[in-house]
Enquirer: 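Structure below; questions to follow.
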Amino acid sequence: MDLYQSPSHSKEHTVYLDAIWNQLQEQINPFLRVLCINGSIYRLMDDFGKWYIAKKFMEFTREAVMFCRDGTGQDRHYLGAPRHFIANGGIVHSPDGLEPFWTMDNGSNAHLETTTVCQPLAPSKPAKIPRPPNAYILYRKDRHNIVKAANPGITNNEISQILGRAWNKESREVRQKYKEMSEAIKVALLEKHPDYQYKPRKSSEKRRRTRRIHQTQGISVEVDLAASSATNTMA
DNA sequence: CGGAATGAAAT
DNA sequence: ATTTCATTCCG
């Protein structure tokens, strides 16, 4: 059969992978950067499986992730961006030609564990922070489904027209309520991202078609931590 | 992506 | 003063 990872997208294949992913997903929270995977489960995955799970997790991290075996003797692997592994005093060695492996700096350097690396589909974006919604946007968001349910077949543009009129007729109290909400959201955002700054782009450089790069075989051994190749967006 | 509404923030 | 974009989602 296929010695290499020719991604056979068979139903059964992804079904069990989805099961694994669902399991792992329980770990996910806004602060989680690295997933923990039991060794037994890890060994259940082939190259395609690892790529599949990594791809899923990258939707959260928005950056390149890699698998690393726990160097402390625990039978488990971690999945996360390389920077997290070195941040904890770890070291990633990459012998020429061979797969890179990772060790912890805390004494037990006896075991050099190998790792599998997955490159991101989209070269690690700096995670763009969405603009905070203004009062009207919040108002529309709230009533969007209401209006939609009341008017079968209505288009979003029509919903905007209706709610635009409704908004302008709304009482000061209501408008004020949404205004405060939007400001609270803005404050929370700035608290979470002190560096955030609205950066509108020129319409000329507006989002080209979402570069959907279906990397058939995303397993490539290539992780340079020293000089993280910050490949820019499309050419 | 454009569009349809409003408003905040950048240019 | 003008333009982007945040929300929503069909064409």
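Residue numbers begin at 1 in each chain, while the letters A, B, ... track the order of the sequences.
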Enquirer: Could you walk me through whether A/Ile20 and A/Met45 pass the side chain to side chain contact (heavy atoms under 4.5 Å, CB included) check?
Expert: CA-CA 9 Å; A/Ile20 291 177; A/Met45 301 186 286; 4.0 Å; yes
Enquirer: Check the distance between C/dC9's P and A/Ile159's CD1 and give it to me in whole angstrom.
Expert: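 The answer, rounded to whole Å, is 8 Å.
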Enquirer: For A/Lys186, which residues count as a side chain to side chain contact (heavy atoms under 4.5 Å, CB included) partner, sequence neighbours excluded?
Expert: A/Pro132, A/Leu190
Enquirer: Does the side chain of A/Asn38 come under 3.5 Å of the side chain of A/His77 through a donor N or O and an acceptor N or O?
Expert: no
Enquirer: Does A/Asp18 have any side chain to side chain contact (heavy atoms under 4.5 Å, CB included) partners at least two apart in sequence or in another chain, and if so, which?
Expert: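 Side chain to side chain contact (heavy atoms under 4.5 Å, CB included) check on A/Asp18 returns A/Thr14, A/Tyr52, A/Lys56.
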Enquirer: In terms of hydrophobic clusters joined by side-chain contacts under 4.5 Å, are A/Ile41 and A/Tyr16 together?
Expert: yes
Enquirer: How many whole angstroms separate atom NZ of A/Lys199 from atom P of B/dT11?
Expert: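 Distance check: A/Lys199 NZ to B/dT11 P gives 10 Å.
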Enquirer: Please tell me if A/Lys141 has a side-chain N or O lying less than 4.0 Å from either OP1 or OP2 of C/dT8.
Expert: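 True: A/Lys141 side-chain N/O within range (under 4.0 Å) of C/dT8 OP1/OP2.
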Enquirer: Can the ring centres of A/Phe67 and A/Tyr78 be said to be less than 6.0 Å apart?
Expert: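 Ring-ring flag for A/Phe67/A/Tyr78: false, centres at least 6.0 Å apart.
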Enquirer: Listed in order of residue number, which residues of residues 129-136 of chain A have a non-hydrogen atom at under 4.0 Å from DNA chain B?
Expert: A/Arg131, A/Asn134, A/Tyr136
Enquirer: My validator wants the stems of DNA chain B: runs of 3 or more consecutive Watson-Crick or G-U pairs, both distances under 3.5 Å, written as range with range.
Expert: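 Stems for DNA chain B, defined as runs of 3 or more consecutive pairs: B:1-11 with C:1-11.
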Enquirer: Identify, with sequence neighbours excluded, every residue that meets side chain to side chain contact (heavy atoms under 4.5 Å, CB included) alongside A/Asp46.
Expert: A/His13, A/Phe48
Enquirer: How many Å lie between CG on A/Asn157 and C1' on C/dC9, as a whole number?
Expert: 9 Å
Enquirer: Roughly how far apart are A/Ser160 OG and A/Arg140 CZ, rounded to 0.5 Å?
Expert: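 That separation rounds to 3.5 Å.
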Enquirer: Under the 3.5 Å rule, do the base of B/dT6 and the side chain of A/Arg140 count as making a donor-acceptor pair?
Expert: no
Enquirer: CG/A/Leu189 to NZ/A/Lys192 distance, rounded to the nearest 0.5 angstrom?
Expert: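 It is 10.5 Å, given to the nearest 0.5 Å.
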Enquirer: OP1, OP2 of B/dA9 versus side-chain N and O of A/Lys186: anything below 4.0 Å?
Expert: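 Checking A/Lys186 against B/dA9: at least one side-chain N or O falls below 4.0 Å of OP1 or OP2.
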Enquirer: Do A/Val174 and A/Val147 sit in the same hydrophobic cluster, where Ile, Leu, Val, Met, Phe, Trp and Tyr count as joined when their side-chain heavy atoms come under 4.5 Å apart?
Expert: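 Linked within one cluster.
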Enquirer: Going by the rule side-chain hydrogen bond (donor to acceptor under 3.5 Å, both in side chains), which residues pair with A/Glu191 if we only count those two or more places apart in sequence or in a different chain?
Expert: none
Enquirer: Measuring from atom CD1 of A/Ile146 to atom CD1 of A/Ile159, what distance do you get when rounded to the nearest 0.5 angstrom?
Expert: 11.0 Å
Enquirer: As a test of reading the structure: which of B/dA5, B/dG3, B/dA9 is closest to the side chain of A/Ser160, going by heavy atoms?
Expert: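 Taking heavy atoms from C-beta onward, the closest nucleotide is B/dA5.
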Enquirer: Give, ordered by number, those residues of residues 173-183 of chain A having at least one heavy-atom distance below 4.0 Å to an atom of DNA chain B; if nothing qualifies, reply none.
Expert: A/Arg175, A/Lys179
Enquirer: Starting from C1' on C/dA6, measure out to CG on A/Asn156 and report it in whole angstrom.
Expert: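 So the two atoms are 14 Å apart, to the nearest Å.
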Enquirer: Give the rounded distance in Å between these two atoms: OH of A/Tyr139 and C1' of C/dT8.
Expert: 16 Å
Enquirer: Could you state the CG-C1' distance from A/Asp142 to B/dA5, rounded to the nearest angstrom?
Expert: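 In whole Å, B/dA5 C1' and A/Asp142 CG are 15 Å from each other.
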Enquirer: May I ask you to say whether A/Lys177 pairs ionically with A/Asp142, meaning some side-chain N is under 4.0 Å from a carboxylate O?
Expert: no
Enquirer: Specify the residues of residues 164-171 of chain A, ordered by number, for which at least one heavy atom lies under 4.0 angstrom from an atom of DNA chain B.
Expert: A/Gly164, A/Trp167, A/Asn168
Enquirer: Looking at DNA chain B, which of residues 143-154 of chain A put a heavy atom within less than 4.0 Å of it?
Expert: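 Residues of residues 143-154 of chain A that come under 4.0 Å of DNA chain B do not exist, since none gets that close.
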Enquirer: Output all residues satisfying side chain to side chain contact (heavy atoms under 4.5 Å, CB included) with A/Leu138, sequence neighbours left out; order by chain, then residue number.
Expert: A/Pro133, A/Tyr178, A/Met181, A/Ser182, A/Ile185
Enquirer: Quick one: label A/Ile137 by what it contacts on the DNA or RNA (base, sugar-phosphate, nothing), any heavy atom closer than 4.0 Å.
Expert: base
Enquirer: Of all residues at least two apart in sequence or in a different chain, which pass the salt bridge (Lys or Arg N to Asp or Glu O under 4.0 Å) check with A/Arg143?
Expert: none
Enquirer: Using residues 163-170 of chain A as the side-chain source, report each donor-acceptor pair under 3.5 Å to any protein atom, sequence neighbours left out, with the distance given to one decimal.
Expert:
| from | atom 1 | to | atom 2 | distance (Å) |
| --- | --- | --- | --- | --- |
| A/Asn168 | ND2 | A/Gly164 | O | 3.1 |
| A/Glu170 | OE1 | A/Tyr139 | OH | 2.6 |

